[in-house]
2 protein chains.
Amino acid sequence: MMQARRSANPLVRKLEAFTSLSEVECVALEALGASSETVPSGTDLVLEGDKPRGILLVLEGMAYRYKMRVGGARQIVAYLVPGDLGDLDAGLLDRMDHGIATFSACRVTWIEPALLTGIRRSHPKIDRTLRLGTLVDEATLREWVMNVGCRTAVERLAHLFCELFLRMDVVGLVTGNGYALPVNQAELGDTTGLSNVHVNRSLQELRRRGLIHLGGKTLTILDMPALRALAEFKPDYLHLSRHRAGLPFVSVAVP
Amino acid sequence: MMQARRSANPLVRKLEAFTSLSEVECVALEALGASSETVPSGTDLVLEGDKPRGILLVLEGMAYRYKMRVGGARQIVAYLVPGDLGDLDAGLLDRMDHGIATFSACRVTWIEPALLTGIRRSHPKIDRTLRLGTLVDEATLREWVMNVGCRTAVERLAHLFCELFLRMDVVGLVTGNGYALPVNQAELGDTTGLSNVHVNRSLQELRRRGLIHLGGKTLTILDMPALRALAEFKPDYLHLSRHRAGLPFVSVAVP
DNA sequence: CGTTGCGTTGAGAGGCTTCAACCTAGGTGG
DNA sequence: CCACCTAGGTTGAAGCCTCTCAACGCAACG
C-alpha cells in the first residue's frame, strides 16, 4: 500500500486534496463529524432570513444553496457535496441571505463555532486549509457566473458535470467515472438558468454525442476529454494541487 | 455636527458601514493607503495565471474581476469600487484563476500580506469586519449568479445599478442620487451576459420609463423605488447594518 | 389501480444575438 | 482650423436559442 487508508470523514479527505495532514490534525477534524443527524431529501436546512446556527458540514448526500424570486423562480447558487462546509464566519452575520436545502437524504452536522475556532487556533495548517477552501468556494461562484453568463445550455451542463466529477472524486465518491447525482431536471434548470424542458433536450444532446450517461440518479462520464473540451473546463479554479485534476480520467483507487 | 468627519480612506469608510471603529483602529487602517500608485483606465492589474503579489486595495476609480473564454468572450464577475479589497487570503493561492483590470483611471495600493496580518492580529474588530467584508463579497457573487441566471435584460441592469448605488453610497461617492460609472455598454454586456446591442436597447427602456439617466459616465437614479421594484432588489445581502440601506434615497450628506 | 413525480415530445412565441450600417463626439495631425 | 480617425453609442433586420404551454408516457407507490 503506497497510500495511507483514507479517512471516513469527507472533510478530512477534502482537505487532504489541498495539503497533507498529520495524524493529530486528522483526529482533531474527525471529531467534527462525531455527532451527526440524517435528514430526508427536500429538507430545508437553512431558510433565508434565519439567524445562522452553527456551521453546516455535509457528511453524506448532496445539498444546495438557493435564492428565490418573489414570483417563485428559484436560482441554485451552489452545490454542497460531502466534505463541504458552510461559511466559516457565518457567525458574523445576523441573518442568512440565502437558503440551504437537500437534494437527497443527507447526513449533516452543525459545528459549534467556538469548537471550530479552537481547532483552527491550535492547528494552523487546518486553519490555512479551511481558508483556502473558502477561496475555492468563491472561485467556484465566479465560475458559475461565467457559466450562466456566457455559455450555451449544453456547455453549462457539461461544465457542471465536469466540476462535480472532480469535487466528488476528491472525496472518493467517484467509481468507474460515475458519481451519484440526485438532482432532477427541473433542479438542473434552476442551477443553470434554463427551463426543465430545455435541460431535457440538452441532456439528450449530450447523450446523443456519447459524452454522458445519466440514469437512476447516477451520472457517468463516457468521454471526459470531449466533455471538458465542450465546456472549456479548466479545473485550475478548484486549486486541487495535490489531486491529479489535470488527468482526464481520475479515480481514487490507485495502487 | 452630529457626525464625525469621514476618513479620506475609502476602506475606513466602508468598514464603518459595518461597525464603528475607534480612533486607533482608523489610524491603523489609514496607513494602508499611505503609498499608492495611479494607473490609467484599461490597465491589467492582475492577469489570470499570475502568482498573487500582495493584496489589492482600490482607493479611487473602478475596476473589475473577469474571466475569459478561449473564443475571446469575456465575463466580468465582480466590480471593485473604492474601499474594496482583493482576497484577504490571496497569499494562499499559487496562481490567480481570474484577472483584474481597471474600468477607469484608478488609485490603488498593494498591501503586504504580513502588514495586513499584523493589523488583523492587533485589532480584532478590524479582523472581524474584514472577514465580514469577505462574506459580503461572496453574497454578492451569489446575487450575480441569480442576476444572470434568472432575470431579464432590463432587470439585470436595474439590479446592477441598485447594487452599485449602495456600494458607492457607503464610501461617500453618491451625490444627488448619482454616481460615477465609467463603464461602456459593451462592458455592461460582459457584466450581465448580454450583447452590447441589447444593453443599448435595455438602457433605452430604463430611460424611457424614467428610471435612470446615464450620460457622461455618470449614472443618476431618477426613481429608486421603481428601479428597486423592477429589479426585485433586496439589499440585505450587502449586510450594511449601520447604513440606512432600506431607505430608497440614501445620501451621505446628512445633518 | 389511481395518484404523483418526473422525464419526454411538439408547437408556437419571444427574448436576445448577430451582422451591418450609420452617427456622434473627442482627439490628433496636417 | 479643419480633416481625419477612433471609440462608442444607435438603429434595422434576420435568425436562433430558449421559453412557455400543453400533452403524454411511465415507473413508483399507497
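By convention in this document, chain letters (A, B, ...) are assigned in the order of the sequence lines, proteins followed by strands, and residues within each chain are numbered from 1.
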Pairwise distance [atom1]([X]) to [atom2]([Y]) - rounded to 0.5 angstrom:
{"X": "A/Arg167", "Y": "A/Leu80", "atom1": "CZ", "atom2": "CG", "answer": "7.5 Å"}
{"X": "A/Thr109", "Y": "A/Ile55", "atom1": "OG1", "atom2": "CD1", "answer": "10.5 Å"}
{"X": "A/Asp137", "Y": "A/Arg142", "atom1": "CG", "atom2": "CZ", "answer": "11.0 Å"}
{"X": "B/Arg74", "Y": "B/Thr191", "atom1": "CZ", "atom2": "OG1", "answer": "7.5 Å"}

Q. Given atom CZ of B/Phe103 and atom P of D/dG8, what is their separation to the nearest angstrom?
A.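 Interatomic distance, CZ of B/Phe103 to P of D/dG8: 12 Å.
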
Q. For A/Arg156 and D/dC17, what is the distance between atoms CZ and C1' respectively, to the nearest whole Å?
A.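 About 10 Å, once rounded to whole Å.
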
Side-chain ion pair, [X] and [Y], N-O less than 4.0 Å:
{"X": "A/Glu205", "Y": "A/Arg201", "answer": "no"}
{"X": "A/Lys234", "Y": "A/Glu143", "answer": "no"}
{"X": "A/Arg95", "Y": "B/Asp236", "answer": "no"}

Q) Taking A/Trp144 as the fixed residue, which of A/Tyr64, A/Tyr79, A/Tyr237 is the one that meets the ring-ring contact (aromatic ring centres under 6.0 Å, His included) rule? A) A/Tyr79

Q: Report, as a single string ordered 5' to 3', how protein heavy atoms within less than 4.0 Å touch nucleotides 22-30 of chain D: B base, S sugar-phosphate only, - not at all.
A: ---------

Backbone N or O of [Y] within a donor-acceptor pair of the [X] side chain at under 3.5 Å?
{"X": "B/Arg107", "Y": "B/Ser36", "result": "no"}
{"X": "B/Glu187", "Y": "B/Asn184", "result": "yes"}
{"X": "A/Glu232", "Y": "B/Val70", "result": "yes"}

Q) So do B/Leu85 and B/Lys14 actually touch side chain to side chain, heavy atoms under 4.5 Å? A) no

Q | Contact check, side chains of B/Leu181 and B/Phe103, non-hydrogen atoms, under 4.5 Å | A | no

Q. Chain B on DNA chain C: first and last contacting nucleotide, 5' to 3', under 4.0 Å to a heavy atom?
A. C/dC16 to C/dC19

Q. Run the side chain to side chain contact (heavy atoms under 4.5 Å, CB included) check on A/Gln75 and A/Asp190 step by step: do they pass?
A. CA-CA 5 Å; A/Gln75 178 67 44; A/Asp190 290 343; over 6 Å; no

Q.
Side chains of B/Gln204 and B/Asn200 only: does a donor on one sit below 3.5 Å from an acceptor on the other?
A. yes

Q: Please report the closest heavy-atom contact between B/Cys162 and B/Met224, naming both atoms and the distance.
A: SG-SD, 4.4 Å

(Q) Looking at every non-hydrogen atom in both residues, tell me the closest pair between B/Val46 and B/His98 and how far apart they are. (A)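 Looking at all heavy atoms of both residues, the closest pair is CG1-O, 4.2 Å.
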
Strand contacts (DNA chain D) in [range], 4.0 angstrom heavy-atom criterion:
{"range": "residues 61-73 of chain B", "result": "none"}
{"range": "residues 180-190 of chain B", "result": "B/Asn184, B/Gln185"}
{"range": "residues 198-209 of chain B", "result": "B/Asn200, B/Arg201, B/Gln204, B/Arg207"}

(Q) Using a 4.0 Å heavy-atom cut-off, does A/Gly193 contact any base of the nucleic acid, only the sugar-phosphate backbone, or nothing at all? (A)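 Sugar-phosphate contact only.
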
(Q) Does atom CZ (A/Arg69) have a neighbourhood of more than 12 heavy atoms from anything else shown, all under 6.0 Å? (A) yes

Q: Using five base pairs at each end, measure the axis-to-axis angle across the helix from C/dC1-D/dG30 to C/dG30-D/dC1 and round it to 10 degrees.
A: 30°

